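Computed from a predicted structure; not experimentally measured. A note on names: the letters A, B, ... follow the listed sequences, proteins ahead of strands, and every chain is numbered from 1.
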Amino acid sequence: MRCDYACRSAEHVSRRSFLQGSAGALGAIGFAGMTQLQAAEQLASQQKQVVVFWLSGGVSQLETWDPKPDTDTGGPFQAIPTSVPGVHISELLPYTAQQMHHLALVRGIDTKENDHGKGAIIMQTGHRQTPGFEYPYLGSAFSSLLTPENSPLPGYIHVNGGGNAKESSFLGPRHSPVGLADGKPPANLNLPEGLSAEADKKRRDLRAKLGQRFVTGRRQADTEAYNSSYDQAAALIARKDIFDFSQVSAADEERYGKHDFGRHCLMARKLVENGITFTKVTHTNYDTHSENFNFHLEQLGEFDRPFAAFVADLNDRGLLKHTLIIVMCEFGRTPKINQRVGRDHWGSAWSIALGGCGIKGGAVVGKTNENGTKVVEREVNGGHLFHTYYRAVGLDPTKAFWSNGRPFHKADPKTDAITEILA
Amino acid sequence: MRWACLFAILVSLTFAHPARSQDQPAPPPESLALKFARRDAARVIERVQKLSEAATQAAQRLEAANKALADAKQNQQNAVKALADADTALKAAEQAKPVAEKALADAQTALTKVETEMKDNADAIAAAKGVVETAQKNLDTAAKQLTEAAEKRKTAETAKNETDKQVPVAEQGIKPATEAKAAADKELKPVQDQLAQLQARVAAFEKAPPKADPTGLKLVQTFTHNRPIMSCRFDANGDFLFAGAQDNSLHRWDLFTGSPVHVPGHKSWIGALALAPPSGQLLLTGGMEGKLLWWNPLDPSAPQRTVEAHKGHLRTIAVSPDGQLIATGGNDLVVRVWSAVDGSLVKELPGHTRHIYNVAFHPTGKALVSGDLMGIIKQWDTATWTETRELDAKILSKYDNTFKADCGGIRGFDFSPDGKFLAAAGITDVSNAFAGIGVPAVALFDWESGKQVKLLKPKENFQGTCWAVKFHPSGEFLVAGGGGGGGELWFWKTDDDKSFAHFKLPNVAYDLAWHPDTLRLAVGLYDNTVRVYDLAPKYDVAAAPTK
């Protein structure tokens with residue numbers, strides 16, 4: 001993979017530090033990318049972490065966080081009380097309703113964007129799509145800012161999704177997501193049959209020596225990109241235990257469910273426990289242009305219980321206080337029900353939920369009108385959300401990234417944090 | 001009187017039968033279409049009579065109002081003349097009194113002169129005294145006449161003022177009486193037209209029993225609500241049309257007057273409607289909150305009974321042919337059977353693993369079928385309540401790998417009247433589950449073998465879902481309705497998988513229902529209307545103007 005960052009840039013320096021740190025920390029063992037469980041646990045206890053639940057396709061805010069029963073747009077579902085007095089959500093989320101005291105709702109989002117791709121960019125970068133430039137995704141940004149300097153672990157893992165190198169933009173491949181497609185561990189974690197660990201080490205050492213010789217007199221950014229790939233692969237192999245999702249207790253299987261999303265939530269829990277900075281779990285699909293209510297019954301029926309179990313488990317394990325959880329998607333869905341008993345794309349008045357680190361549990365900010373067609377109170381967009389995410393994990397969103405000598409705002413400076421939901 | 005005679009004539013025309021000789025064969029049983037056509041005509045005749053009486057009374061009231069105004073004006077004129085006459089008389093009396101006073105004064109002067117100049121002439125003095133007496137009498141009379149004239153004038157003035165008030169009062173009565181007559185006439189005219197059409201329909205049906213002809217389908221009535229209509233049923237007497245919409249109320253329209261009734265009762269959308277045979281005196285609604293409600297269709301002012309039937313959506317209701325049992329199904333994966341008499345639970349039938357979309361009783365009442373999201377149809381024996389068979393309609397269901405969800409299912413269910421076929425409606429050949437891109441289809445099963453014998457599809461290309469299917473009561477064809485970007489009705493014979501007729505609708509159709517006259521079809525649509533279409537050849541039914 002090509003490297004997008006320049007030599008002698010901060011990312012370049014960081015890259016070297018990573019390599020040196022890794023070499024130092026792993027010197028006793030001799031494998032780049034390997035650390036010990038104790039170090040991971042220490043990392044987990046000190047660093048901030050983030051888990052994003054990406055409800056791909058655009059979940060309906062009317063069937064989740066901002067129900068409008070008994071109106072022309074409300075559909076057939078009712079609103080139910082939650083563990084927060086006065087706060088109601090859709091009846092399709094009965095288990096999540098019991099965790100609302102850990103979660104906050106933002107009900108006044110207006111991104112004015114109804115396109116899947118562009119909406120995803122706004123929600124995952126905090127900025128509108130910019131011609132000729134790509135802002136890093138939230139996962140890559142937080143991977144670069146929150147992952148401890150010497151951590152050999154990938155900073156960003158995408159459960160049930162691919163590893164898209166473009167997400168890291170100028171932050172470099174180190175912060176691209178490692179994709180666990182279909183929730184399976186990365187391929188080739190185990191050495192091929194017939195190749196011993198000693199032989200593999202000799203291969204690696206030879207490759208490193210050849211790589212060092214190749215670097216001399218050549219553009220380092222490109223070569224470091226290749227080295228990064230090998231080092232990251234080695235790190236993953238050395239810590240393949242964190243990708244061993246086979247050991248699931250019967251109790252957990254019962255609570256999370258035996259379906260894919262249940263397993264993915266359990267994976268996410270394990271990744272948080274093992275110090276992964278940023279985990280994105282994709283649940284698909286919510287693009288319900290037809291039969292919105294039947295499909296949301298099915299999809300949220302799958303989402304609700306394991307998500308609630310995940311929140312509860314993180315809290316019980318003392319992890320919630322330093323783990324920011326975000327449930328989001330590219331846009332909401334139209335209040336008007338169409339001919340196919342579906343709802344279409346709607347970026348104008350919709351909601352997300354978030355909780356955990358830095359977030360005031362039980363808070364609700366923003367309001368839509370009686371039938372959800374318009375934000376009437378505290379309208380926010382992707383910029384506000386990104387300010388909020390950064391502040392929640394203790395980072396300053398007003399500071400910029402630098403690439404090729406140019407500053408790039410972490411969050412849109414025309415907006416600011418939604419302080420009403422910050423703890 | 002005039003209208004009573006007309007009524008008698010019309011009744012005799014409607015119900016008269018030609019005389020038969022003993023040699024002529026008995027006429028065939030009266031068809032349902034003719035029966036309802038005669039009943040409708042008789043019903044409309046009653047309406048015509050009532051409206052005619054009302055129109056007559058309105059005309060009479062207008063006539064009375066006009067007369068009252070004319071009388072008031074006449075009275076006013078008379079009062080004006082009387083006042084003028086009294087003024088004249090008063091003036092004359094006023095003029096006469098001073099004359100009489102002068103005459104008295106002259107007579108008294110003359111007397112004094114005579115008494116002075118002719119004091120020895122007793123006759124002269126007596127004569128002069130007599131003149132004075134006469135003059136005094138005349139003065140008294142003139143004074144009295146003046147008083148009387150003044151009183152008369154006052155009375156005449158009072159009377160005139162009274163008549164002045166009465167004229168505007170009478171005028172005020174003209175406008176409402178005029179409007180009432182116009183309204184009565186306006187209400188009467190279309191009903192008279194309706195009657196004429198119905199009578200023509202009766203005459204035509206008497207000549208030749210009609211057959212429903214899908215190729216001649218015509219819109220005859222539109223009832224408009226403010227939410228999409230999800231379900232519709234006629235009552236057994238063909239008087240009312242019931243509907244459930246994307247709201248929490250039961251809706252009913254009178255087919256003759258168009259009058260609507262909207263009654264809340266559920267906490268969510270009504271997903272299912274059913275009327276209990278054979279009397280049709282029980283109406284059932286199922287809500288997506290899981291409740292089953294009993295109603296009196298003639299007076300649906302409030303539910304008569306509420307049963308907590310299912311956890312989650314109650315999606316379907318069917319009533320056994322004898323009207324004794326009610327079957328329901330929904331999201332909690334269990335078919336439940338209830339007593340129609342007291343609402344008690346008779347049986348629970350677990351077995352489905354996904355949401356149950358439709359249930360139906362076989363016309364014999366010996367079997368119940370239930371169909372789910374996966375296209376699985378279970379057959380239950382109604383004597384033992386055991387599952388006896390599973391029919392495969394999985395062609396109407398699909399797991400979409402891109403969107404990771406199952407879509408489709410049994411969206412409509414109907415047995416042929418003779419019980420030989422079961423039709424299951426839905427969507428097939430789905431290329432995009434979440435956009436509903438697929439082909440509307442009806443899987444036709446041979447009941448005896450349980451095998452699918454046909455997959456009925458529209459003849460022309462169409463993308464969408466088939467939401468409802470109904471066999472015609474004759475069993476000669478079946479109709480389905482549905483849509484995607486637009487709506488259509490499709491008609492099939494059971495021996496051909498291509499539709500022989502189709503009809504473009506203004507919008508997507510969600511439900512269908514046959515009128516008991518077997519000629520009219522109600523269609524519930526996304527555009528907030530439930531529309532009644534007539535399949536009678538040539539002669540439309542003309543129901544009341546819709547509201």
Side-chain angles (χ1 to χ4, degrees), chain A residues 55-60 62-63 67-80 90-92 94 116 160-161 182-183 259-261 264 282-303 333 335-345 371, chain B residues 226-228 230 244-249 264 266-271 287-290 312-315 331 354-355 357 373 399-409 411 427 430 432-438 463-465 467 482-487 505 507-510 525-528:
Chain A
L55 304 187
S56 178
V59 73
S60 167
L62 293 153
E63 273 66 63
K68 306 284 184 187
D70 304 326
T71 64
D72 59 331
T73 59
F77 300 121
Q78 298 300 304
I80 56 171
S90 171
E91 65 169 279
L92 297 183
H116 282 294
N160 195 31
D182 294 327
H259 46 72
D260 285 346
F261 184 69
H264 298 164
T282 291
H283 189 217
T284 189
N285 189 286
Y286 289 87
D287 195 19
T288 52
H289 294 281
S290 171
E291 302 243 47
N292 172 82
F293 306 107
N294 285 335
F295 283 133
H296 271 77
L297 259 173
E298 189 167 339
Q299 300 295 51
L300 291 174
E302 197 173 81
F303 170 86
R333 304 214 74 84
K336 185 171 168 61
I337 301 163
N338 67 28
Q339 297 168 329
R340 296 181 176 88
V341 204
R343 297 191 194 271
D344 301 308
H345 302 173
N371 60 357
Chain B
N226 58 11
R227 301 276 181 93
M230 306 301 290
Q246 285 184 8
D247 57 24
N248 303 348
S249 295
H266 283 280
K267 297 280 186 220
S268 183
W269 296 0
I270 291 176
M288 292 193 182
E289 80 286 336
H313 290 186
L314 191 169
R315 291 181 179 265
N331 286 7
R354 303 299 292 274
H355 295 167
Y357 280 1
L373 165 64
Y399 180 78
D400 189 300
N401 260 316
T402 305
F403 295 107
K404 308 291 184 197
D406 292 292
C407 68
R411 294 326 186 107
I427 187 172
V430 172
N432 184 329
F434 277 55
I437 306 297
Q463 294 285 331
T465 300
W467 290 105
L505 295 168
N507 217 297
V508 175
Y510 292 133
L525 291 112
Y526 173 75
D527 66 359
N528 304 347

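Note on ring orientation: taking the six-membered ring where Trp is involved, the planes of Phe293(A) and Trp269(B) are perpendicular (angle over 60°, cut-offs 30° and 60°).
Only the backbone of Tyr286(A) comes within contact range of chain B, judged by heavy atoms closer than 4.5 Å. Only the backbone of Thr71(A) has a heavy atom closer than 4.5 Å to any heavy atom of chain B. Residue contact with chain B, scored on non-hydrogen atoms closer than 4.5 Å, involves the backbone and the side chain of Gln339(A) alike. Heavy-atom distances place the side chain of Leu297(A), and not its backbone, under 4.5 Å from chain B. Only the side chain of Tyr526(B) comes within less than 4.5 Å of a heavy atom in chain A; its backbone stays farther off.
Arg340(A) contributes atom CZ, which lies 8.5 Å from atom CD of Gln463(B) (distance to the nearest 0.5 angstrom). To the nearest 0.5 angstrom, Asn285(A) atom CG is 12.5 Å from Asn401(B) atom CG. Taking CG from Asp287(A) and CG from Asn432(B), the interatomic distance works out to 8.0 Å, rounded to the nearest 0.5 Å.
Chain A forms the most heavy-atom pairs under 4.5 Å with one residue out of Asn226(B), Thr465(B), Asp247(B), Asn507(B), and that residue is Asn507(B). When Glu302(A), Glu91(A), His289(A) are compared by the number of non-hydrogen pairs under 4.5 Å with chain B, His289(A) comes out ahead. When Asp400(B), Asp406(B), Leu373(B) are compared by the number of non-hydrogen pairs under 4.5 Å with chain A, Asp406(B) comes out ahead. Of all the listed residues (Gly484(B), Ala405(B), Gly271(B), Gly482(B)), the one sharing the greatest number of non-hydrogen pairs under 4.5 Å with chain A is Gly484(B). Of the listed residues (Met230(B), His355(B), Arg315(B)), the greatest number of heavy-atom pairs within a distance under 4.5 Å of chain A belongs to Arg315(B). When the candidates Asp260(A), Asn292(A), Asp344(A), Val341(A) are compared by the number of heavy-atom contacts under 4.5 Å with chain B, Val341(A) comes out ahead.
Under the 4.5 Å side-chain criterion, counting only non-hydrogen atoms from C-beta, Asp72(A) is in contact with Arg227(B). With a 4.5 Å cut-off on side-chain heavy atoms, Asn248(B) and Asp70(A) count as touching. Counting heavy atoms from C-beta outward, Glu291(A) and Cys407(B) have side chains that stay 4.5 Å or more apart. Taking 4.5 Å as the limit, every side-chain heavy atom of Asn160(A) sits out of range of all side-chain heavy atoms of Lys404(B).
Panel note: side chain Gln78(A), backbone Lys267(B); a donor-acceptor pair is recorded below 3.5 Å.
Taking every heavy atom of both residues into account, Ala435(B) and Ser290(A) meet most closely at C-CB, 3.6 Å.
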